[in-house]
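What follows is a set of notes on a single structure, which appears directly below.
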Amino acid sequence: MARLIVGNWKMNLNPGEASVLVHRLEDKLAAKSDTEVVICPPFIDLYPISKELDKKKLTLGSQNIHYLDEGAFTGEISPAMLKGLVSYSIIGHSERRAMGEDDKLIAKKVAAAFRNDIVPVLCVGETLADREHKLSTKVVIDQLTADLAQLTAADVAELVVAYEPVWAIGTGKFAKPDEVSPVVAAIRQTIEELYGEDGAAGLRVLYGGSVNPDNCAAYLKLPGVDGLLVGGASLNYEEFAQIAKVAQDLK
Ligand code: PGA
């Protein structure tokens, strides 16, 4: 399966700065590759970037969506507005869960993404306290089961799940590959149990949390890992392009 590298810019870069980064990044990326490289800039940058982007090198994603297509929700952006503009949307990132998003809301957002032909990059992951209580796998499986409650097997076949231990995000304390493997295996097994082999066949699973050019290969080599969700390093075009190159060059 082709690898997927997703960059989450978070709340950084205005449209002018975004344009500079995109051009520098494109200059560094291979002209042709099986690896899909996705950038998720802030909403305000999406439209202008879509006009200048080299679609052979980069794909656009959003960092969030609303769960309804329209309505009286001041300040929100609906998936119907993003339809055709983005191919992916990060949903359920731990930074949004920390602001109060729960699994019920996230399940509605995942369904809203599919309704608008947007592939969700559903983020799941345990906190440090969960991990210390040896609850990593249980927490992740509980999130996954609740977040996918509204989906069909056909939806799930397109899904991307990003396993991001909360304690590893933006901390430089990345998870050891042997800590990632059992959780990734449990994610795949859960999807297979819930949606059958066909549902599980297309599922892509990413690792995220302090990914950098030096540690990325170890995750990409793990069985069941199809790619990476990259935060801080995606704002550095040289580092992000290096990560994409590692993914492209790995057999
Ligand atoms: P990080 O962020 O790579 O800076 O740890 C990852 C993420 O938040 O998706």
Side-chain angles (χ1 to χ4, degrees), residues 3-13 17-18 21 25 35-43 45-46 58-65 86-101 103 106 109-110 113 118-128 130-131 136 139-140 143-144 147 159-177 179-180 183-184 187 204-222 225-247:
R3 292 201 171 86
L4 179 65
I5 306 295
V6 182
N8 176 10
W9 290 8
K10 309 193 182 184
M11 197 172 68
N12 294 290
L13 308 187
E17 293 163 336
L21 180 58
L25 180 59
T35 297
E36 186 173 11
V37 183
V38 181
I39 49 169
C40 301
F43 284 125
D45 299 335
L46 288 172
L58 286 173
T59 306
L60 271 184
S62 67
Q63 297 173 18
N64 181 34
I65 53 170
V86 301
S87 306
Y88 294 87
S89 180
I90 297 171
I91 295 180
H93 191 281
S94 60
E95 286 157 12
R96 297 203 63 86
R97 291 181 190 259
M99 291 189 296
E101 288 199 10
D103 288 312
I106 291 166
K109 291 188 174 197
V110 171
I118 296 169
V119 173
V121 178
L122 170 65
C123 300
V124 291
E126 82 285 359
T127 62
L128 191 56
D130 297 331
R131 179 175 171 243
S136 303
V139 166
V140 165
Q143 287 174 342
L144 193 65
D147 297 343
L159 181 73
V160 179
V161 174
Y163 169 49
E164 294 206 306
V166 178
W167 49 271
I169 295 176
T171 57
K173 289 188 203 132
F174 46 88
K176 294 193 196 87
E179 295 173 304
V180 174
V183 184
V184 168
I187 290 171
R204 287 173 287 174
V205 181
L206 314 181
Y207 168 76
S210 296
V211 171
N212 63 42
D214 297 328
N215 65 20
C216 63
Y219 302 115
L220 291 166
K221 284 181 190 159
L222 291 176
V225 173
D226 304 295
L228 301 164
L229 179 53
V230 185
S234 73
L235 291 167
N236 178 319
Y237 67 95
E238 284 179 322
E239 289 191 6
F240 194 53
Q242 274 177 45
I243 293 168
K245 185 165 171 18
V246 170

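Residues take their numbers from the sequence shown, with the count starting at 1. When a ligand or atom number is given, it counts from 1 through the structure's own listing order.
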Heavy-atom closest pair, residues Tyr88 and Glu36: OH-OE1, 2.7 Å
Ligand 1-proximal atoms of Ala162, by part, heavy-atom distance under 4.0 Å: neither
Side chain to side chain contact (heavy atoms under 4.5 Å, CB included) partner of Asp147, chosen from Ile91, Val161, Ile106: Ile106
Any donor-acceptor N/O pair, Asp226 side chain to Val205 backbone, under 3.5 Å: yes
Option with minimal heavy-atom separation from atom 5 (O) of ligand 1, where the choices are Cys40, Gly170, Gly231: Gly170
Subset of ligand 1 atoms that lie under 4.0 Å from at least one heavy atom of Ser210: 1 (P), 3 (O), 5 (O)
Any Gly208 heavy atom less than 4.0 Å to ligand 1: no
Atom 4 (O) of ligand 1 [closest protein heavy-atom partner, distance rounded to 0.1 Å]: Gly232 N, 2.8 Å
Ala233 to ligand 1, any heavy atom closer than 4.0 Å: no
Shortest non-hydrogen separation from Val6 to Cys40 and the atoms involved: CG1-SG, 3.7 Å
Contact atoms of ligand 1, heavy-atom distance to His93 under 4.0 Å: 7 (C), 8 (O), 9 (O)
Flag if over 12 foreign heavy atoms under 6.0 Å of NZ, Lys10: yes
Residues, nucleotides or ligands: over 12 heavy atoms within 6.0 Å of Met99 CE: yes
Those atoms of ligand 1 less than 4.0 Å from some heavy atom in Leu229: 9 (O)
Cys123 to ligand 1, any heavy atom closer than 4.0 Å: no
Ile169 and ligand 1 - part of the residue with a heavy-atom distance under 4.0 Å: both
Contact check, side chains of Val121 and Asn8, non-hydrogen atoms, under 4.5 Å: no
Close-contact set for ligand 1 against Lys10 heavy atoms, below 4.0 Å: 2 (O), 7 (C), 8 (O)
Enumerated ligand 1 atoms positioned under 4.0 Å from heavy atoms of Gly209: 5 (O)
Aromatic plane relationship, Tyr219 with Tyr207 - under 30° parallel, 30 to 60° tilted, over 60° perpendicular: parallel
Step-by-step side-chain contact (heavy atoms from CB on, under 4.5 Å) determination, Val124 to Val139: CA-CA 8 Å; Val124 291; Val139 166; over 6 Å; no
Glu164-ligand 1 polar pair, N/O distance under 3.5 Å: yes
